[in-house]
Each structure stands twice: as structure tokens, then as C-alpha cells.
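To start, the structure itself, in C-alpha cells.
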Amino acid sequence: MTATWPQIHAERAALADDLAELPDDRWSTASLCDGLSVREVLAHLTAGASLTPLRWMAGVIRCRFDFDRQVAMRLAEHLGDRPADTLARFRRVGASTTKPPLPVVAMLGEIVVHGEDIRRPLGIRREHPSDVLTAVARYYLGSDLVVLAKGRVQGLRLAATDSDFSGGSGPLVTGPTLALIMAMTGRSRFLDDLDGDGVEVLRQR
């Protein structure tokens, strides 16, 4: 946990810097999250860094345990009137250690995955630190919390070509660690970056 929060803060700062010069008309670009623009995904990240367990539970109850509704409600709270407002609000929570009732590594996964949900459609590339990607990949390999990941790759063998990450058993899926993470979390656009007999299995899921 001691090491993970600085990694989260560094990933947030990098994303904010990547978006600093983004023209207003590009903030409405569709993200890799169905139905959300890149601006809305950034507001979602701000919401996640602002929610204590108590506020999270209060929202769940208010939304009658409709988690999608709560996500939309919290997102709207942090969107602001203009893209500049959205980015400023995100910067303000850059060093936050506030989180919903999730493991800290889940917050690292959140900023890595949603950061790529934003960057990839905008044509922005980031070289994430290898230790960050390895930690996130290992987490998703063993967890279906928040997003189906473990279940999506069950019966497959994953092996990174740029780190020491590997795990599972079955038909092989190889490729960059980032692409494996994004495929584990259901981002089909990254499947073209992967190789092996297990890729078609993963594509069908």
C-alpha cells in the first residue's frame, strides 16, 4: 500500500499532463467506455478519488443499489461546465488517498485502465512504468471485483512480452503487459496487439 499510492498519484499527474493542451472540441471524443466521452471518463476518475466508503454506501442506497446509476450520478457531480473545469477538478484530487471500499491496487488499476480508455481514442501514448503494469496485471488476473477480469481469462495462459508477468493455464495469449490488462478488462481494441491461440477465445468473450 505504501508503494501503491505514489504510483497512483504519478499516473494521475501523467494523465492530467497528457490532457493539458487538448482542444475543447476533442473532449467529446468517444472513450473506450461504452457511451462515455473522454471528458466523462475523467470526471468518473475524479469521483472515484473523492468517494469515502461512507459516501459510496450512501450513494448506493440513494440509487437503490443500481451501481450504474450511482456512477452516472457521481460523474455528473464532477463534470463541471467546461472541459477546463473537468481537468481542474481532476488535478485537485491528484494526490488524494480517498477511495471507495476497494483495495488500493484496484485504484491503480482504475487509473491505468481508464487512462487508456481516454488516451487510445485520442492517439496519445504513455510508457507506463513496468512495475505499475505488472502489479495491475497480477491484480486483474486474480479478481473480478469491479470489472470482470479473472473470469474473462479463465482457462487461458497469459504471458507478457515486455515484463515478467505471466499466469493461468491453457491456450496462450502473449503481448505487451498493457494490452493484456486492457483485454482482461474487456477492451477489445487491444486484442490486435496480442498473439497466440487464446486470442480468439478471448475475443469471443
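- Heavy atoms only, all atoms of each residue included: L19 and I118 are closest at CD2-CG2, 3.9 Å.
- There is no path of hydrophobic side-chain contacts, each under 4.5 Å, that joins L102 to L148.
- Remark: L180 CG to L191 CG distance equals 10.0 Å, nearest 0.5 Å.
- Of all the heavy atoms in L158 and L141, the pair that sits closest is CD1-CD1, 3.9 Å.
- The shortest distance between side-chain heavy atoms of D192 and R203 falls below 4.5 Å.
- Under the rule for a side chain to side chain contact (heavy atoms under 4.5 Å, CB included), the partners of E110 that lie at least two apart in sequence or sit in another chain are H44, L45, H114.
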Side chains of residues 129-137: which donor-acceptor pairs under 3.5 Å do they make with residues two or more places apart or in other chains?
{"unit_1": "D131", "atom_1": "OD2", "unit_2": "Q7", "atom_2": "NE2", "d": "3.2"}
{"unit_1": "T134", "atom_1": "OG1", "unit_2": "S130", "atom_2": "O", "d": "2.9"}

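- In this structure, the side chain of D197 does not engage the main chain of P171 through any donor-acceptor pair within 3.5 Å.
- The side chain to side chain contact (heavy atoms under 4.5 Å, CB included) test applied to R26 returns L22, P23, T29, L122, not counting sequence neighbours.
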Apply the test salt bridge (Lys or Arg N to Asp or Glu O under 4.0 Å) to residues R39 and D24: give CA-CA distance (whole Å), side-chain angles for both, the deciding distance (0.1 Å), then the verdict. CA-CA 10 Å; R39 182 182 171 200; D24 280 2; over 6 Å; no
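- Cluster annotation: V146 and M184 are assigned to the same hydrophobic cluster (Ile/Leu/Val/Met/Phe/Trp/Tyr, side-chain heavy-atom contacts under 4.5 Å, transitive).
- Between the side chain of R205 and the main chain of R152, a donor-acceptor pair closer than 3.5 Å is present.
- The closest donor-acceptor contact from the side chain of T86 to the backbone of L79 lies under 3.5 Å.
- A search for side chain to side chain donor-acceptor pair (under 3.5 Å) contacts involving T46 returns nothing, not counting sequence neighbours.
- Distance NE2/H9 to OG/S96: 6.5 Å, rounded to 0.5 Å.
- For residues 176-189, the pairs satisfying salt bridge (charged side-chain N to carboxylate O under 4.0 Å, His left out) are D117-R187, with sequence neighbours left out.
- Here the closest non-hydrogen pair linking T97 and W5 is O-CZ2, 3.3 Å.
- V153 has its side chain out of reach of Y140: every pair of non-hydrogen atoms, C-beta onward, lies at least 4.5 Å apart.
- Partners of T177 under the side chain to side chain donor-acceptor pair (under 3.5 Å) rule, at least two apart in sequence or in another chain, are D162, S163.
- Checked against side chain to side chain donor-acceptor pair (under 3.5 Å), Q154 has no partners two or more places apart in sequence or in another chain.
- By the side chain to side chain contact (heavy atoms under 4.5 Å, CB included) test, T174 is found to be paired with A159, T161, L172, D195, residues two or more places apart in sequence or in another chain being considered.
- In this view, D34 satisfies the side chain to side chain contact (heavy atoms under 4.5 Å, CB included) rule with no residue, not counting sequence neighbours.
- Ion pairing between R120 and D193 holds under the 4.0 Å rule for side-chain N and carboxylate O.
- For R157, there are no salt bridge (charged side-chain N to carboxylate O under 4.0 Å, His left out) partners, not counting sequence neighbours.
- In this structure, the side chains of L145 and P103 come closer than 4.5 Å at one or more pairs of heavy atoms.
- Between K99 and V104 there is a side-chain heavy-atom pair separated by less than 4.5 Å.
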Using the rule given for side chain to side chain contact (heavy atoms under 4.5 Å, CB included), can you reason through F190 versus I181, listing the C-alpha separation, both sets of side-chain angles and the distance that settles it, and then say yes or no? CA-CA 9 Å; F190 284 79; I181 290 169; over 6 Å; no
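- The distance from the CD1 atom of I8 to the CD1 atom of I111 is 9.0 Å, given to the nearest 0.5 Å.
- Residue V41 comes nearest to S31 through the heavy atom pair CG2-OG, 3.3 Å, listed as atom of the first residue, atom of the second, then distance.
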Using side chain to side chain contact (heavy atoms under 4.5 Å, CB included), reason through F90 and L15 one step at a time and then give a plain yes or no. CA-CA 10 Å; F90 178 68; L15 180 58; 4.1 Å; yes
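- Here the shortest heavy-atom pairing between S143 and A149 reads O-CB, 3.4 Å.
- In this structure, L194 CG and M182 CE are separated by 11.5 Å, a value rounded to the nearest 0.5 Å.
- Counting all heavy atoms, side chain and backbone alike, L32 lies closest to P121 at CD2-CG, 3.9 Å.
- Screening residues 9-23 for salt bridge (charged side-chain N to carboxylate O under 4.0 Å, His left out) gives E11-R126, D17-R91, D18-R119 as the qualifying pairs, with residues at least two apart or on separate chains.
- Checked against salt bridge (charged side-chain N to carboxylate O under 4.0 Å, His left out), D164 has the following partners two or more places apart in sequence or in another chain: R138.
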